[in-house]
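To keep things clear, I will list the structure first and then write my remarks on it.
Below, read A as the first sequence line, B as the second, and so on, with proteins coming before strands; counting in each chain starts at 1. The basis for the numbers below is simple: all heavy atoms, side chains too, and nothing from hydrogens, waters or symmetry mates.
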Amino acid sequence: MKIRYFAWVRERTGLAEEDVDLPAGVETASDLMRWLSGRGENYEMAFGEPDHIRIAFDQVHVTADARLGEVDEVAFFPPMTGG
Amino acid sequence: MKIRYFAWVRERTGLAEEDVDLPAGVETASDLMRWLSGRGENYEMAFGEPDHIRIAFDQVHVTADARLGEVDEVAFFPPMTGG
Amino acid sequence: MAVSPTIRVQEAPFDIRAESEKLTAGRTDIGGVVTFTGLCRDEAGTLAALELEHYPGMAEGEIARVAAAATERWPLLGLTVIHRYGRIAPGEPIVFVATASEHRRAAFEAADFLMDYLKTRAPFWKKEHAADGVEGGWVEAKAVDDAAAERWK
Amino acid sequence: MAVSPTIRVQEAPFDIRAESEKLTAGRTDIGGVVTFTGLCRDEAGTLAALELEHYPGMAEGEIARVAAAATERWPLLGLTVIHRYGRIAPGEPIVFVATASEHRRAAFEAADFLMDYLKTRAPFWKKEHAADGVEGGWVEAKAVDDAAAERWK
């Protein structure tokens, strides 16, 4: 599964994107953020306050309880500031 | 005093403007419309329903009870339809 | 009043781009510009043209009063109102309003307010000329426009 | 859905006049066009530029969803949304929305709605570059924008 990071989430993880194999038990976006947080200080900095993170599955907004299921691309980013 | 007529008020009176000397007792816009109505069939057609007429004194909107006082130019016209 | 409105009442068509650009040219403090352009519709092919009568002098004066009310109510950085008179063919612009402000809300509300007030207060009257050559009647004022203007009271 | 929205996400500046004219060219059924242009402000001289990051693909997709919601809600005859990304200097346009309809109310409301929704849903993020050469921080999302978007629910 591809994970993409934008804006300060990208800067904190130090990655624009990566491919990951999900371990058993990671079933929702929320689970994924918790699991990522444990992968190192950079991830902990990015995902320390998961309430401040917005999520998209296959380029559509979802909430943290959305189930990963057949998703190909997950993205994490801050609240949008365009317009 | 100059009186100006616009749109269908102009068409019904048959005049774009005229100068009149106000007779005694004509003190408000309402009085003036009543007096004009008595001046002929064309005026009666224009001012038969005074509630449908809008009024300006010296190029500023006023209501029918406004007093003529020192006014130089009175205008009568239908509700506006610009924009 | 920080802003000096641009107001024009004219028979000639106008260049919407030039008018919009004048509002922002050389400035870096404006965050949003809203424009409204009102166009002549052909009413499904039945209308040949509109003829707009106006009250010269009062038209400019009343638009200036409406514009002043907008600049007092919202923190505008720019304001333009252009209203045409005379014969106007379908597809041509009749009226143009542009508002500039630091944040978008003021620009949106002021443009909306200006149009509602121009409709009900600016001394212009539309007469329809039908496509079949018949001189049509005077357009009647709409209750929906009065109701729209009431929203701002 | 009678109208097919024009949607573009691009780095290059755009010509506001050309975009407005495309909406009405050759048509005689449109009564009103509302445009909104969002510009980069220099924050009283402290800002050198904004850097807009975006999520390619999702940006277009999300704008299309917001545009579709607008065309379902209001009887629009035309709709254009352009959003830039990359480095944008003070005074330059960032976003452009134009709506066309038979009557002005639909055009005003739809443009207002589109901006509120783009602000809170389109995947763009602004970073500030300060005039003193310092790379500034990411612009924080504003509660006022969330509240504005809530108005349409």
When the 4.5 angstrom heavy-atom criterion is applied to D:Arg121 and chain A, the contacting part is both

In terms of heavy-atom contacts, A:Gly82 and D:Lys119 come closest through O-CD, 3.5 Å

What one should report as the nearest heavy-atom pair of D:Glu53 and A:Arg10 is OE1-NH2, 2.5 Å

Whatever's closer than 4.5 Å to a heavy atom in chain A on D:Pro56 counts as both

Okay, D:Lys142 and chain A: the region with an atom under 4.5 Å from a heavy atom over there is neither

Smallest heavy-atom separation, D:His83 atom then A:Gly83 atom, equals NE2-N, 2.8 Å

In this structure, CZ of A:Phe6 is separated from OH of D:Tyr55 (nearest 0.5 Å) by 5.5 Å

Max heavy-atom pairs within cutoff under 4.5 Å with chain A, candidates D:Trp138, D:Tyr117, D:Phe124, goes to D:Trp138

Note: D:Pro123 and A:Met80 closest approach over all heavy atoms is CA-CG, 3.5 Å

Between A:Phe77 and D:Trp125, how do the two ring planes meet: parallel, tilted or perpendicular, split at 30° and 60°? tilted

One should read off an interatomic distance between D:Arg65 CZ and A:His61 NE2, to the nearest 0.5 angstrom, of 7.0 Å

Of all heavy-atom pairs linking A:Thr81 and D:Glu140, the shortest is CG2-C, 3.8 Å

All heavy atoms of A:Gln59 vs all of D:Gly57, minimum pair found to be OE1-C, 3.1 Å

